[in-house]
Protein chains: 2
Amino acid sequence: MHRRLLLLGLLRQHKMHGYQLNEFIERDLSFCAEVKRPTAYYLLEKLAEAGYITEEEEERRGGRPPRRIYRITPRGEAYFLELLRENLRTYRRVTFPGDMGIAFIDALPPHEARELLEERYAQMREMLERIQQISGHAGAPRLVIEHHITHLKAELNWLEEVLASLAQEEESAGEA
Amino acid sequence: MHRRLLLLGLLRQHKMHGYQLNEFIERDLSFCAEVKRPTAYYLLEKLAEAGYITEEEEERRGGRPPRRIYRITPRGEAYFLELLRENLRTYRRVTFPGDMGIAFIDALPPHEARELLEERYAQMREMLERIQQISGHAGAPRLVIEHHITHLKAELNWLEEVLASLAQEEESAGEA
DNA sequence: CGCTGATTAGTCAAATTTGATGATATGAGC
DNA sequence: GCTCATATCATCAAATTTGACTAATCAGCG
């Protein structure tokens, strides 16, 4: 449902055609939202079927696919608020794909595990910097950016501890 | 791929039939892994097709569906290590469904938003406690539990700030 | 001008994921 | 010894998600 909420929330601000919507999501929200192009078109169709948005076809010059302009309806507005309340009210836990590796980390020698996780660590640092850059950039919601910054800092801290404990394992293995 | 890694990782420890696997995932790993029953069966089939695991049918008394025992193969072992290295090496950003609500929080009066988020906050606290309980419980990987604890604490902190800023908005709105 | 690479706009087939369901067995309580 | 709840073992149809693709227009340039 959070994807529908996103689409409705954006259409609520301005009517738009699909491409615009996707551009915006990819450029400004890719750091926090995961909605690929075809998914967005799929959902737009669903939302239109359900009467939450309207599709108007706009003639385009040439043989290019005509673009469709989506606009939220009053029912869509109401649905948006419903989804919004539901979203704010409930906590949905996230799962970290990266945890699966951690769960089986003992399958590798500590030395190798540490090297691999150091690459991961570097990528997390980069991501943090990229997000801190966005801060100025309008279009991205401030609170969400701050959320991701908080989150990434916590992730970095945790990973530092893991790395430290791996270093210790290496040491005691070296002694033995 | 992280789901395949999980299945292979578990089968690497013991051969198992699908039901057992699913039981374990639901009971001990649901806090960190999201793999529903049918998904697991689907992936087991795929892994078997690819030769990473073998399926042996075991006759069951009565008319119950026969259970199939899955066992990892040497190729599966190699594939597991490949997936494990890849998983440890790369950072995959997570997206928070709950951010979509935050992004549009201004659509609600601060007062209502705060009330809703307070419910969310309570659920997060509960989740934290539940995870802290697991700590003793064997079967769940320690590092992953600690990861989630770190994460949840950071989430709680962040949400407290959001709540505080909403309270402030309410106040200044009250004055006006 | 004619070519190349980017941009615009959206579609399709295929892979993945899940809610709902089936059918039997086992155990607890009466 | 009967009934209802729960456990065992999965499958199916339907919804969702995405990688790959089409096909036209446009901007730059030698």
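Below, each value reflects all heavy atoms present in this structure, side chains not excepted, and no hydrogens, waters or symmetry copies. Residue numbering restarts at 1 for every chain, and letters A, B, ... go by the order of the sequence lines.
Between B/Phe96 and A/His2, the distance from one ring center to the other does not fall under 6.0 angstrom. Between A/Phe104 and B/Phe80, the ring centre distance stays below 6.0 Å.
Counting to the nearest Å, the C1' atom of D/dC9 and the CE atom of B/Met16 are 15 Å from each other. In this entry the distance linking CG of A/Leu44 with C1' of C/dT11 reads 14 Å, nearest Å. One can place CE of B/Met1 at 13 Å from C1' of D/dG19, the figure rounded to the nearest angstrom. In this structure, B/Tyr42 places its OH atom 12 Å from C1' of D/dT17, rounding to the nearest Å. Atom CZ in B/Arg67 sits about 14 Å away from atom P in D/dT11, given to the nearest Å. Rounded to a whole Å, the CD atom of B/Glu34 is 12 Å from the P atom of D/dT17. The interatomic distance linking A/Asn22 (CG) with D/dT17 (P) rounds to 14 Å, in whole Å. Note: CD (B/Glu45) to P (D/dT11) measures 8 Å, nearest angstrom.
Here the side chain of A/Tyr19 is nearest to one of C/dA9, C/dT17, D/dT17, namely C/dA9. Comparing D/dT18, D/dA10, C/dT16 by their nearest atom to the side chain of B/Arg68 picks out D/dA10. In this structure, the nucleotide among C/dT11, D/dT11, D/dT16 sitting nearest to the side chain of A/Tyr41 is C/dT11. Residue B/Arg3 has its side chain nearest to C/dT17 when only C/dT17, D/dT17, C/dG10 are considered. Which of D/dT16, C/dT18, C/dT8 sits closest to the side chain of B/Pro38 comes down to C/dT18. Of the candidates C/dG19, D/dT11, D/dC9, C/dG19 carries the atom nearest the B/Lys36 side chain, counting heavy atoms from C-beta on. Set against D/dT8, D/dT18, D/dC9, the side chain of B/Glu23 has D/dT8 as its closest nucleotide.
Applying the 4.0 Å criterion to OP1 and OP2 of D/dT16, one finds that A/Arg4 has a side-chain N or O inside that range. The phosphate of D/dA10 has OP1 or OP2 within less than 4.0 Å of a side-chain N or O from B/His17. Of the side-chain N and O atoms in A/Thr39, one or more sit less than 4.0 angstrom from OP1 or OP2 of D/dT18.
Within 4.0 Å (heavy atoms only), B/Arg37 reaches at least one base atom of the nucleic acid.
Each of A/Arg71, A/Arg68, A/Lys15 was checked for a salt bridge (Lys or Arg N to Asp or Glu O under 4.0 Å) with A/Glu56, and the lone residue meeting it is A/Arg71.
Taking all atoms of both residues into account, the shortest heavy-atom contact from B/Ile53 to B/Leu44 is CD1-O, 3.5 Å.
Between B/His151 and A/His151, the ring planes are perpendicular. Angles over 60° get that label, and only those under 30° would be called parallel.
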